[in-house]
Amino acid sequence: MDTRIVKIEEDNIDQTVLIRAGEIIKSGGLVAFPTETVYGLGGDALNGTSSRKIYAAKGRPSDNPLIVHIAKMEDLPRIARDIPKQALALAGKYWPGPLTMIFNKTECVPPETTGGLSTVAVRMPSNKIARALIEASGGYVAAPSANRSGRPSPTLAKYVAEDLDGRVDMIIDGGAAEIGLESTIVDFTEENPVILRPGYITEEMIRQAAGCPAGRKTVPGAGDGGEETEAPKAPGMKYRHYAPRGSLTIVEGKETRLVSAFICRELQGAKAEGKKTGVIATDETAAVYPADSVKSVGKRADEAEIAKSLFRILREFDDEEIQVIYAESFDVQGMGQAIMNRLLKAAGNHMVHV
Ligand code: AMP
Ligand code: MG
């Protein structure tokens, strides 16, 4: 298949391209598009055949459900039932934005879109190109992240093209994703809301807006290919995720000085074996590492910048054919929780404590 790659500016959207993109989705095709979290791979959410095409293009297991993207609040009750007040309060505060909520689904959502589940994940993105595309396509766009299954989520269109060129009808290049990490997923089908995937919207923000505590679900064996001991609520969490091609180890410790010293020693060992090495560092430490490629995620205190850089950096190591990667670890408060969640999965849970 020929993939058309088109550039669009968020503040000056070319309507002819958007209408064409909407037609592709309406007729069962696939369009990759920018959102504020990461790039999405979109198809008609109400068409089971389109969803099957999404799984095939990504190489994604078909029991790992897709998120349905909407642009208007009126569309929510058409696809979701039993929507509690707390969810409406959260939507009022954080939609459009990086928040996905799970509800019982209505009849019109085909099982292919929900991985066979009776529940549906819904998000209203804020990126203007994403919103225009959803409107142009009739209202309901199923979209997982636009990467091949297992790879880091794409925050730039060039990484979408690397994974999906020839597998989708169109890629819309709208520049760098603003947030850089996937949405927070909150399950509203239990008595109390449960966070299935941490993200930019933190536990504390949910507690305040929804007026109720939000628990967190950790999935046994997540990211390391380990055995499942219970059916995961977020089926995606059981699969290997976000992985760079090189082996990635996270080094954690109370004192940054000791972490850096440990990484420096390990780098020497890897170099002696002739391996090409990389480090995920911060502005404060980047200068100390004798690696082939040292990448700073930004200042240690700037979580937004770290979130935005992480997936891009993992992809850049692949571009540079780095074989052995060490990462400093990050604080697990607030958004740091989402950052460490992705980093741990990218490392297959391989973390060393010093
Ligand atoms: P991605 O599209 O790559 O951001 O992945 C979508 C995530 O949403 C995956 O981790 C899915 O498992 C999760 N998800 C989508 N629909 C549901 C649902 N109905 N119940 C639980 N998790 C869901
Ligand atoms: Mg994904």
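When a ligand or atom number is given, it counts from 1 through the structure's own listing order. Quick caveat: nothing in here was measured; it's all calculated off a predicted structure.
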Measure [X] to ligand 1 on non-hydrogen atoms and call it side chain, backbone, both or neither using the 4.0 Å cut-off.
X	answer
M101	neither
D187	neither
V38	neither

- Is it true that a side-chain atom of Y94 and a backbone atom of I206 form a donor plus acceptor pair closer than 3.5 Å? no
As an exercise, identify every atom of ligand 1 less than 4.0 angstrom from a heavy atom of [X].
X	result
R197	1 (P), 4 (O), 5 (O), 7 (C)
L117	18 (C), 19 (N), 20 (N)
S145	1 (P), 2 (O), 3 (O)
N64	9 (C), 11 (C), 12 (O)
I185	7 (C), 8 (O), 13 (C)
L66	15 (C), 16 (N)

- Above 12 or not: heavy atoms from other molecules or residues under 6.0 Å from NZ of K271? yes
- Query: Can you tell me if CD on E321 sees more than 12 non-hydrogen neighbours from other groups inside 6.0 Å?
  - Reply: no
- Item | Proximity flag I67 to ligand 1, non-hydrogen atoms under 4.0 Å | yes
- Message: Strictly below 4.0 Å, N to O, side chains only: are K72 and E74 in salt-bridge contact?
- Response: no
- Does a donor on one side chain and an acceptor on the other come within less than 3.5 Å for D319 and Y159? yes
- Message: Looking only at side-chain N and O atoms, does D283 offer a donor or acceptor that is under 3.5 Å from a partner on S296?
- Response: yes
- Can you figure out which of L41, T119, V122 has its heavy atom closest to atom 19 (N) of ligand 1? T119
- Among A121, G40, S118, which one has a heavy atom closest to atom 16 (N) of ligand 1? A121
- Message: Against D163, only a single residue in K158, R315, R148 fulfils salt bridge (Lys or Arg N to Asp or Glu O under 4.0 Å); can you say which?
- Response: R315
- Message: Any nitrogen or oxygen of K58 lying under 3.5 Å from a nitrogen or oxygen in ligand 1? Just yes or no.
- Response: no
- the Mg ion (ligand 2) to nearest N/O/S of S145 less than 2.8 Å: yes
- Message: Name the residue from T119, T189, N104 that meets the side chain to side chain donor-acceptor pair (under 3.5 Å) definition with D82.
- Response: N104
- Note on the structure: side chain to side chain donor-acceptor pair (under 3.5 Å) with R300: of E328, E305, E284, only one passes, and it is E328
